[in-house]
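Below is one structure, written out as structure tokens, with a few remarks after it.
The chains referred to below are lettered A, B, ... by the order of the sequence lines, with proteins before strands, and numbering in each begins at 1.
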Protein chains: 2
Amino acid sequence: MAPRVTNPNFMNGVPELLVLTLLQQEEMYGYEIVQAIRSRTDAIIAVGEGVVYPVLHGLERDGALTARRKTVNGRSRIYYSVTPVGSYRLADLSRSWIHLATAIQRMLTGGQHGEAIP
Amino acid sequence: MAPRVTNPNFMNGVPELLVLTLLQQEEMYGYEIVQAIRSRTDAIIAVGEGVVYPVLHGLERDGALTARRKTVNGRSRIYYSVTPVGSYRLADLSRSWIHLATAIQRMLTGGQHGEAIP
DNA sequence: TGCAATGCCTTGAACTTCGAGGTAATATGG
DNA sequence: CCATATTACCTCGAAGTTCAAGGCATTGCA
């Protein structure tokens, strides 16, 4: 048989990557994350709440985040922090992304296998 | 109302980008493209035939590719070439990808808005 | 003869994301 | 003082992709 591909959805995990990246830098809450992604990428990337909240819940369920409730100005917010598990996961996703982006970059520039970019 | 996001699936168009990139360099057929992507990215990216063939058909339908049948060693192959329309589309997808990758890269490195990378 | 590789193709399940909607509290402005 | 916008949480269905597997036919090799 022809060799079969085993590629668990090569483009996934980017929203998760972005969320973890932000939370690694500072504690944040959902609504804030949505806008931080939008503003820090100059609106090039704009994921909606329908993406961010499920990601947060999933990461918390997996022990990658911890949540604590805080009330500021009478507004109830849920702040998330990265756990060691989350740090590990971030490093992992980050590596994957770099690999992927580098591979695509090489394709675009016509570069071949072990080509250095000086 | 809170500002709504308008983001037609920000991670899409990568398989199309890869296919067009390869075909811009040289005429190729479907089966060959599948393996070229695999080998040139050192198996970091491995899209299956179930992705490539629909992409080829779609691009041809849109006038971005032309197909011609050729028989080599008794094997019937369909070679695809990029049309001017396809070149334009490639340039477009390429720009989008660079934008996206740069934005994510900035997030990862903690870089802020108009930060230069010297 | 049988199995692997070449080469085309389609399809169903699984997964993500989008877009919209729902709830509730606090500012703001006319 | 009341209507609207903003903050802040959440969920869900529709739409779109990708994956994995399968089918078909031919050629090469042991």
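In this model, the phosphate group of dC9(D) is not approached by any side-chain N or O of Y31(A) to a distance below 4.0 Å at OP1 or OP2. The shortest distance between the side-chain N/O atoms of H57(A) and the OP1/OP2 oxygens of dC9(D) is not below 4.0 Å.
A salt bridge is defined here as a Lys NZ or Arg NE, NH1 or NH2 lying under 4.0 Å from an Asp or Glu carboxylate O, and D92(B) with R89(B) fails to meet this definition.
Taking atom OH of Y29(A) as the reference point, atom P of dT6(D) lies 15 Å away to the nearest angstrom. Atom CG in L56(B) sits about 11 Å away from atom C1' in dC8(C), given to the nearest Å. Rounded to a whole Å, the OH atom of Y53(A) is 9 Å from the P atom of dA8(D). Note: CG (L17(B)) to P (dT18(D)) measures 12 Å, nearest angstrom. The CZ atom of F10(A) sits 17 Å away from the P atom of dC15(C) (whole-angstrom rounding). Between E49(A) atom CD and dG21(C) atom C1' there is a gap of 11 Å when expressed in whole angstrom units. In this structure, N73(A) places its CG atom 6 Å from P of dA27(C), rounding to the nearest Å. In this entry the distance linking CZ of R77(A) with C1' of dT6(D) reads 12 Å, nearest Å.
Closest approach of V47(B) and V34(B) over heavy atoms only: O-CG1, 3.6 Å. Shown here for S76(B) and R69(B), the closest heavy-atom pair between the two residues is OG-NE, 3.1 Å.
Within 4.0 Å of G50(B), counting heavy atoms only, lies at least one base atom of the nucleic acid. Within the 4.0 angstrom heavy-atom criterion, base atoms lie near R75(A).
For the atom pair OH (Y88(A)) and CG (L20(A)), the distance works out to 14.0 Å, reported to the nearest 0.5 Å. Here the straight-line distance linking atom OG of S81(A) with atom CZ of R68(A) works out to 6.5 Å at 0.5 Å rounding.
Nearest-nucleotide assignment on DNA chain C puts the 5′-proximal partner with V55(A), out of V55(A) and G74(A). A residue-by-residue look at V51(A) and P15(B) shows that V51(A) has its nearest nucleotide of DNA chain D further toward the 5' end.
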